[in-house]
Asks: 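Structure incoming, see below.
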Amino acid sequence: MTRADRSEAATETLRGGPRRRRVRTGAAGRGVPLPLLVPALIGLAFLIVPLVALLVRAPWRSMPEQLTSADVWQALQLSLICATAATAVSLVIGVPLAWLLARVEFPGRGLVRALVTLPLVLPPVVGGVALLMALGRNGVVGKWLDAWFGITLPFTTAGVVVAEAFVAMPFLVISVEGTLRAADPRYEEAATTLGASRFTAFRRVTLPLIAPGIAAGAVLAWARALGEFGATITFAGNFPGRTQTMPLAVYLALQSDPEAAVALSLVLLAVSVAVLAGLRDRWMTAG
């Protein structure tokens, strides 16, 4: 070993050891194993081909006529109104619930969190049946609403909002709770030590900090509410002009007018793509 080599080795030892060469670990650097590449391409095709087929078979020439018909416009308008109302309900009660789960220690918090997220994995039809058992005219809570206030939710527009909020609110709660856990609680503590109440600290300090998480959760909840089908048709029915939303109109049109069903499906597809595009910086970027 020459003097220069010994000097370089000593320098590397003082620096904590020899420098390691950067090794490209990506697929492009080492090649993709065929047993992984083939299933990956099949999975990609499985997810993309149906969407491409929807675009290929779309009645582009008659699309304006399909989308401007009275029934379609009525369903679209009702869907937008109900999805927006369901998102508003989710914001009003979902953000405080997310704060409770993220900031307050209480017995059974893990169980409560599991119950809150249960509608994410619960079949929507089962959710509709559960809503009927709870809020129906003879339900556990619904019979008292009917007797005391004359409120009947099933098979009404308000029932659509309730069904959509039931399945959409967990998306908002999960997003906001995750943002709250990432936010530093010391800002709230500092505000309370300066004389602010807990609610004032939440309103003036915490809400601005978690605003991006609330916005992302609201968009996800709105998109989920717009595409809700099972709980809506079970709890609210399928009455044109009153409870028939876009997914229900797609299902009904598929039996009599497939071109109208494809046109409505493209509208929902466009909304989904817009949601993903709007959330790409939050969910689809790495690093």
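All heavy atoms count here, side chains included; hydrogens, waters and symmetry mates do not.
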Asks: Can you establish whether the number of heavy atoms outside F239 located under 6.0 Å from its atom CZ is more than 12?
Replies: yes
Asks: State whether E164 and R224 are salt-bridged, where the test is any N-O pair (Lys NZ or Arg NE/NH1/NH2 against Asp/Glu carboxylate O) under 4.0 Å.
Replies: no
Asks: Counting distance only, does the side-chain N/O of T193 pair as donor-acceptor with the main-chain N or O of A190 below 3.5 Å?
Replies: yes
Asks: Kindly indicate whether the side chain of S265, heavy atoms from C-beta on, has any atom under 4.5 Å from the side chain of L54.
Replies: yes
Asks: Taking everything shown except R204 itself, do over 12 heavy atoms lie less than 6.0 Å from its CZ?
Replies: no
Asks: More than 12 foreign heavy atoms under 6.0 Å from CZ of F155: is that the case here?
Replies: yes
Asks: Under the side chain to side chain donor-acceptor pair (under 3.5 Å) rule, what do T84 and T87 come out as? Steps first, then yes or no, please.
Replies: CA-CA 5 Å; T84 304; T87 304; over 6 Å; no
Asks: Please test T192 against S197 for side-chain contact (heavy atoms from CB on, under 4.5 Å), starting from the C-alpha separation and ending with a verdict.
Replies: CA-CA 6 Å; T192 56; S197 64; over 6 Å; no
Asks: To the nearest 0.5 angstrom, please state how far the OG1 atom of T243 sits from the CG atom of L78.
Replies: 7.5 Å
Asks: Do P247 and E228 have side-chain heavy atoms sitting under 4.5 Å apart?
Replies: no
Asks: Tell me the closest heavy-atom pair linking A98 and V173, and the distance in Å.
Replies: CB-O, 3.7 Å
Asks: To check you understand the geometry: which heavy-atom pair defines the closest contact between L266 and W60, and what is its length?
Replies: CD1-CH2, 4.1 Å
Asks: To the nearest 0.5 Å, tell me how far I42 CD1 sits from L37 CG.
Replies: 9.5 Å
Asks: What are the two closest heavy atoms between V205 and Y187, and how far apart are they?
Replies: CG1-CB, 3.7 Å
Asks: Above 12 or not: heavy atoms from other molecules or residues under 6.0 Å from CZ of F46?
Replies: no
Asks: Following the transitive rule for hydrophobic clusters with a side-chain heavy-atom cut-off under 4.5 Å over Ile, Leu, Val, Met, Phe, Trp and Tyr, establish whether V160 and V92 coincide in one cluster.
Replies: no
Asks: Cluster question for you: counting only ILVMFWY and a side-chain heavy-atom cut-off of under 4.5 Å, with indirect links fine, are V273 and L55 together?
Replies: yes
Asks: With rounding to the nearest 0.5 Å, note down the distance linking CD1 in I214 to CG in L172.
Replies: 7.5 Å
Asks: Is any side-chain heavy atom of V112 less than 4.5 Å from a side-chain heavy atom of F106?
Replies: yes
Asks: Should L115 and V126 be regarded as members of a common hydrophobic cluster, given that ILVMFWY residues are connected when their side-chain heavy atoms come within less than 4.5 Å of each other, either directly or indirectly?
Replies: no
Asks: L120 and F171: side-chain contact (heavy atoms from CB on, under 4.5 Å), yes or no, with the steps?
Replies: CA-CA 8 Å; L120 292 175; F171 289 90; 3.3 Å; yes
Asks: Nearest 0.5 Å please: distance from the CD1 atom of I151 over to the CG atom of L153.
Replies: 7.0 Å
Asks: Would you mind reporting whether V104 and W99 have side-chain heavy atoms less than 4.5 Å apart?
Replies: yes
Asks: To the closest 0.5 Å, what do you measure between CZ (R113) and CG (L101)?
Replies: 5.5 Å
Asks: Would you say that P124 contacts F229 through its side chain, given a criterion of any heavy-atom pair below 4.5 Å between the two side chains?
Replies: no
Asks: Can you tell me how far the OG1 atom of T232 sits from the CE atom of M246, to the nearest 0.5 Å?
Replies: 13.5 Å
Asks: What are the two closest non-hydrogen atoms of P170 and T117, and how far apart are they?
Replies: CB-CA, 4.4 Å
Asks: Is M169 reachable from L180 through a run of hydrophobic residues whose side-chain heavy atoms are each under 4.5 Å from the next?
Replies: yes
Asks: Return the minimal non-hydrogen interatomic distance between T152 and T156, and the atom names on each side.
Replies: O-CG2, 3.6 Å
Asks: Between P59 and V262, is any pair of side-chain heavy atoms under 4.5 Å apart?
Replies: yes
Asks: Ion pair present between E259 and R57, side-chain N to carboxylate O less than 4.0 angstrom?
Replies: no
Asks: Is it true that a side-chain atom of S175 and a backbone atom of G213 form a donor plus acceptor pair closer than 3.5 Å?
Replies: yes
Asks: Can you name the closest pair of heavy atoms from L145 and L135 and give their distance?
Replies: CD1-CD2, 4.3 Å
Asks: Any link between V49 and V38 through a network of hydrophobic side chains (Ile, Leu, Val, Met, Phe, Trp, Tyr) touching at under 4.5 Å?
Replies: no
Asks: Are there over 12 heavy-atom neighbours, none belonging to R103, within less than 6.0 Å of that residue's CZ?
Replies: yes
